[in-house]
Amino acid sequence: MSRRQLVRPDAGGWGLDDDDTGCTVLHVDMDAFYASVELLRRPDLAGTPVIVGGGERGVVLSATYEARRYGVHAAMPMARARRLCPPATVLVPHHEDYARISAGVMEVFRSVTPLVEPLSLDEAFLDVSGAVRRLGSPTRIGELLRDRVADEQGITCSVGVASTKFVAKLASGGAKPDGLLVVPHAQTVAFLHALPVEALWGVGDRTAEALGRLGLRTVADIAHTPLTTLVRGLGEATGRHLHALAWGRDARRVLASVPERSIGAEETFPRDVDDPRYVHRELLRLAGRTASRARAQGLAGRTVVLKVRFADFTTITRSRTLRERTDVTQEIHATARDLFDALALDRARLRLVGVRLEGLADSATAPRQLLLGERTHGWREADGAVDRAGARFGAGSVRPATLLPRR
DNA sequence: TCTGGGGTCCTCTCCCTA
DNA sequence: TCTGTAGGGAGAGGACCC
């Protein structure tokens, strides 16, 4: 596979030959991950515009760089993407492939250092301080990773090398596609101050707007604004957070395991619906997905959150905290259904419903008290049987009768 | 232009309790 | 018993990220 030769001469002069002493945090990001994986199935499309996404109301999941030249980007509505890039081949996503390739990539990372913190399927932070003596400088390790990912998984990635997570992430973005960028520790502040405020982690449209109202356009502007002004304009947490980042201060360490805080499932209907019976069935399906994922991870949650999005895109949530944690489909469904019924919607047109489980803890240690008269063999055992059948015959092989297709 | 799905974190408000 | 207050938990919504 032919690969680009590293680094970015246009990124301000930092690159492979710079001093990477103390730059032991790597951020590795796959290039156009979903699209690249699809090209493994369809090598005939290499070098052409490809958009991965689908559904009548879907958005772009990923696009090749050839499609991006037309202005297509992730999260863009599919209808708009097709208009912008008529020659693009549109492919439906294959999530099981992405999970498989991602697992392979993470294995490569873990063969270099145990300190791997995945952020999603296609990116991770690595702390390579313990591997330097064995494998060479952080930059050399970054190159080694890029070579191995390309050789073993057939896709390219970009690597940022820096002294903090935040700067490493910015660096990998600057190295894209298929490159590596080092930001030497001594150059961190100069690197940051040249960037627009949107580059900071946590600055989206709204925050950028608020910063604009304060007359702040660059990271340097934020750095030189009194902390009290930022806190007044943006709130305590955001103000302090942005001020610290603007000076390159980011004390977060790379953590090999970050506990999950919530698990959920949501679905946009192909068309808006107003039939409560249909919504109840959908809630059962979503509760089942949520509960089975919680059980698969050995987790149970105490708070059930219902999410409802109306046809005009306004979104509300309602939640209830239970007396005990649960991972039982029927309990989650009953709670979500109660919350939905309590809204007393008079056939309002709905676009989406979702179910989420929060307040997660290890289900093995979560206290569970049998209620008076409760059967010892009930829904929990039924869920266990469904999980076993799913593991043997495939997910969804056993499901509630109400979810069977209607004739 | 017409907006997915899975998450995390922050802020504000309300209520309960000490 | 009433009032003021402070703190914590829960609930709701919003912004943001990939």
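Labels below follow one simple rule: chain letters A, B, ... track the order of the sequence lines, proteins then strands, and each chain is numbered from 1. Just so it is clear, the values below take in all heavy atoms, side chains as well, and ignore hydrogens, waters and symmetry mates.
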Of the candidate nucleotides [options], which contains the atom at the shortest distance from the side chain of [X]?
X        : options               : value
A:Arg206 : B:dG5, B:dT8, C:dA15  : C:dA15
A:Ala79  : B:dC2, C:dA12, B:dG5  : B:dC2
A:Thr321 : C:dG11, B:dG5, B:dG4  : C:dG11
A:Arg318 : B:dT3, C:dG13, C:dA15 : C:dG13
A:Val59  : B:dC2, B:dG4, B:dC10  : B:dG4
A:Ser262 : B:dG4, C:dC18, B:dT8  : B:dT8
A:Leu61  : B:dG4, B:dG6, B:dT1   : B:dG4
A:Arg356 : B:dG6, B:dC10, B:dT1  : B:dG6
A:Asp122 : C:dC18, B:dT3, B:dT11 : C:dC18
A:Ile316 : C:dG13, B:dG5, B:dT3  : C:dG13

Does A:Thr303 or A:Thr315 map to a spot on DNA chain C nearer the 5' end, using the closest nucleotide for each?
A:Thr303

For [X], report the nucleic acid contact type (base, sugar-phosphate, nothing); a contact means any heavy atom under 4.0 Å.
X        : answer
A:Val203 : sugar-phosphate
A:Lys169 : sugar-phosphate
A:Ala265 : sugar-phosphate
A:Arg302 : sugar-phosphate

Measuring from atom CZ of A:Arg68 to atom OH of A:Tyr70, what distance do you get when rounded to the nearest 0.5 angstrom?
15.0 Å

Of all heavy-atom pairs between A:Asp327 and A:Ser363, which one has the smallest distance, and what is that distance?
OD2-CB, 4.0 Å

Can you name the nearest heavy-atom pair linking A:Ser62 to A:Tyr34, along with the distance?
CB-CB, 3.6 Å

Is A:Arg100 salt-bridged to A:Asp97, going by a charged N under 4.0 Å from an acidic O?
yes

Verify the contact: side-chain N or O of [X] to OP1 or OP2 of [N], cut-off strictly under 4.0 Å; return yes or no.
X        : N      : answer
A:Thr268 : B:dG5  : yes
A:Thr238 : B:dC10 : no
A:Arg289 : B:dG5  : no
A:Arg351 : B:dT3  : yes
A:Arg80  : B:dT3  : no
A:Arg261 : B:dG6  : no
A:Thr207 : C:dA15 : no
A:Arg83  : B:dC2  : yes

Got more than 12 heavy atoms from elsewhere within 6.0 Å of CZ, A:Arg349?
yes

If you count heavy atoms of other groups shown closer than 6.0 angstrom to CZ of A:Arg206, is the number above 12?
no

Starting from C1' on B:dG6, measure out to NZ on A:Lys307 and report it in whole angstrom.
9 Å

Taking 5.5 Å and 30° as the limits, would you call A:Phe313 and the base of B:dT3 a stacked pair?
yes

Closest-nucleotide ordering on DNA chain B, the 5'-leading residue of A:Glu236 and A:Phe269:
A:Phe269

Rounded to whole angstrom, note down the P distance from C:dC18 over to B:dC2.
25 Å

C1' atom, B:dT3 versus C:dA15: distance in rounded Å?
16 Å

Any chance the side chains of A:Arg148 and A:Ser111 put a donor and an acceptor closer than 3.5 Å?
yes

